[in-house]
Undergrad: 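Attaching a single structure in structure tokens format; questions to follow.
Residue numbers start from 1 in every chain, and the chains themselves are labelled A, B, ... in the order their sequence lines are given, proteins ahead of strands. Predicted model, so just to flag it, every value in this text is computed and none were measured.
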Amino acid sequence: MLLTRHDVERLPVKDVLAALQRQPHPPGLVREAVELLLHRCAAERALPQAHQLHALMLATGALRSRYLSNKLVQAYGQCGDVESAHAVFACQPDPNVFSWMMLISACLRNALPRAALGHYRAMQLRGCHPDAHVVSAIFCAVADTANLELGRSITAPLASTAMLHDPVVANSLLNMYRRCGGMDDFERAFWAMPSRDEVSWTTMLAGRIQCGREASALELLRVMDQDGFRITSALTFATLVDACGNLSAIAQGRHLHDRIITSGVCIDVVLHTALLNMYAKCGRVDEARELFDQTLEPNNITFSSMVVAYARNGHFGDALKLFWSMEQDGYKPDSVTFTHVLYACSHGGFVDQAWHYFTTLEPDRGIPLVAEHFGCAVDLLARAGWLADAEKFLNRMPIPPDSVSWMSLLQACRIHRNVEIGARAAEHVFRLAPHRAGPYSLLSNIYSDAGKWDMAAKVQKLMRDRGIKKPGGRSWIEINGKTSEFIVGDSWHPDLVQICQEIQRVSKVMKEHGYVPDTKQVLHDAEEEEKEDILYFHSEKLAIGLGLIKTPPKTTISIVKNIRVCPDCHTAAKVISKVTERKIVIRDINLFHHMEDGKCSCRDYW
DNA sequence: GTAGGGTTAG
């Protein structure tokens, strides 16, 4: 029986194919059917049917049409068969710019950026001029390779053409610079754009967040507003929300949340979860939970977000309870979920639980163990003080331990004051993360805690000799929607005098409560009294000082720090929480410290 | 007649 157009549209792909193979059909209908079926194969990622279609096209001569041949290349690309895509392309006697585009996009879609770039060169050698579509695809290919020099060399010959004026090309170029880490080119390209649309702005925001310049990302929001730019996409808002979370800028975050609601943008699960994470990163667990409860269609990411929200904020038991309810409700935890669960276990001291999950993850759940899981296991052993076991474990891991895992051990060695293992752990971190200053400071502290001043000095000299600079301690505090930054040793602030007076006043009370400044934390060669002064100028203390004078009594003080909080500041902040009857939340590079009535949620282990 | 941009949530 002959097919009708109606059949071709309605019947399953395989039935149409079978009918076409069984008996000849009018060429017009075959052509039409082939085109439609190619489209359906591509949409359904149905590779076997694509192969059958290919055969049919050969048999019926449909493949002689360059148009249909291009469509077949496209379908193969979408079905993940680049080889077949290339084979079809190679049979074309006279490929046009579309043909090349299909081939290039097949490579891109299947993570073969180098091949895409090779075809780009080949097309030019064969005299086919790339258009804006091809060029934007090629910028994506360069972005995938993260090769900035390559990007520059490909862009240079295009600079004199009108190509870069195309808005899509310009945005792809911008994103290429971002993903290749060429942040100067990135900024320059952005400001040189003749016009910027929402994609340009979002790319810009993401770029600044990516390199830790969240504050300047939020400044862009002001520029956008001044330009009268209307944000219409949830993605743009999610990016901005992310910046607020990273800065723990709760007032700006809340303001943004209101604005999202009034903007009428559809708050999809992604944006909703971004907001949840923002509150969590601002230490507002209750508000995060509120959003979690309001989630219309939660998924495993929503659950995992809330699990880690609890865990990072010191609510380890709640994190585990939520995880159990997640499983009960039938949501399927994945590898990332278990990273959070193990984190909650190890920080909360649930050793048996942790080992249970760690050992059953692969055999019972089929979730492969990854570096993060091993890191948690190391942390677990090290926290319990089983440093030698932790070291043995690291040396016998089936995947080579990363610098983070060795750092866990090194940190544990500081807490448990183990010089020998600490020195070995530090060596590993030096090797695996040669530019990090953290391990040098930790090792030096371990030595000075043990009274080995000469060794401590040696480590510091080694650090200097290797040209490694300690990132200056920075702290942020947001007051009335404005973020103030304090940098250790360079803290200019209009209220500095008042802040220092407040710190001195409070420290008197603190000393009455038994606080002794831990001047060992000051590595300079200085008098004791001077060392105390240096401690007072640690950025987190200044930030707390500002919080004390600028916010009403009993208001929670929230600080963000760019490195780990120093042990003296940690002790001091705990005492301040007691003597001033304020909650103090410090988010450092690793975790939250919720301090209240002289105690910290981290249980003095960080 | 075919094709190109922000991977955004743990």
Undergrad: Would you mind telling me which of dG6(B), dG4(B), dA9(B) lies closest to the side-chain atoms of V270(A)?
TA: dA9(B)
Undergrad: Consider the side chain of V336(A), meaning its heavy atoms from C-beta on, and name the nucleotide among dG10(B), dA9(B), dG6(B) that approaches it most closely.
TA: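 Output: dG10(B).
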Undergrad: Is the ring centre of F303(A) under 5.5 Å from the base ring centre of dG10(B), and are the two planes under 30° apart, so that they stack?
TA: no
Undergrad: Step by step, would you call F303(A) with F292(A) a ring-ring contact (aromatic ring centres under 6.0 Å, His included)?
TA: CA-CA 8 Å; F303(A) 270 95; F292(A) 176 77; 5.1 Å; yes
Undergrad: For V169(A), answer base if it contacts any base atom (sugar-phosphate contacts may also be present), sugar-phosphate if it contacts only those atoms, and nothing otherwise; contact means non-hydrogen atoms under 4.0 Å.
TA: base
Undergrad: Check every atom of dT8(B), dT2(B), dA9(B) against the side chain of D242(A) and return the nucleotide holding the closest atom.
TA: dA9(B)
Undergrad: With heavy-atom distances below 4.5 Å as the criterion, would you say the side chains of W100(A) and H119(A) are in contact?
TA: yes
Undergrad: Side chain of I301(A) only, heavy atoms from C-beta on: which candidate in dG1(B), dT7(B), dG10(B) is closest?
TA: dG10(B)
Undergrad: If you check the Y67(A) side chain, which of dG10(B), dT2(B), dT8(B) turns out closest?
TA: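 Of all the options, the side chain of Y67(A) is nearest to dT2(B).
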Undergrad: Under 4.0 angstrom, heavy atoms only, what part of the nucleic acid is A206(A) near: base, sugar-phosphate, or nothing?
TA: sugar-phosphate
Undergrad: Regarding H257(A) and Y279(A), is there a side-chain donor-to-acceptor distance under 3.5 Å anywhere?
TA: yes
Undergrad: Establish, with yes or no, whether the OP1 or OP2 oxygen of dA9(B) is under 4.0 angstrom from a side-chain nitrogen or oxygen of N300(A).
TA: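 No.
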Undergrad: Nearest to the side chain of R178(A), which nucleotide is it out of dG4(B), dA9(B), dT7(B)?
TA: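 Between dG4(B), dA9(B), dT7(B), the one nearest the side chain of R178(A) would be dT7(B).
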Undergrad: With sugar-phosphate meaning primed atoms plus P, OP1 and OP2, does N70(A) contact a base, only sugar-phosphate, or nothing at under 4.0 Å between heavy atoms?
TA: base
Undergrad: From C-beta outward on R31(A), which listed nucleotide comes closest to its side chain: dT2(B), dG1(B), dA3(B)?
TA: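 Nearest nucleotide to the side chain: dG1(B).
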Undergrad: Quick one about T295(A) and H272(A) (side-chain donor to acceptor, distance below 3.5 Å, no hydrogens or angles considered), yes or no?
TA: yes
Undergrad: Measure from the side chain of R109(A), starting at C-beta and using heavy atoms only, and say which of dG4(B), dG10(B), dT2(B) lies closest.
TA: dG4(B)
Undergrad: A274(A) has a side chain; which of dA3(B), dA9(B), dG10(B) sits nearest to it?
TA: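 Among dA3(B), dA9(B), dG10(B), the one nearest the side chain of A274(A) is dA9(B).
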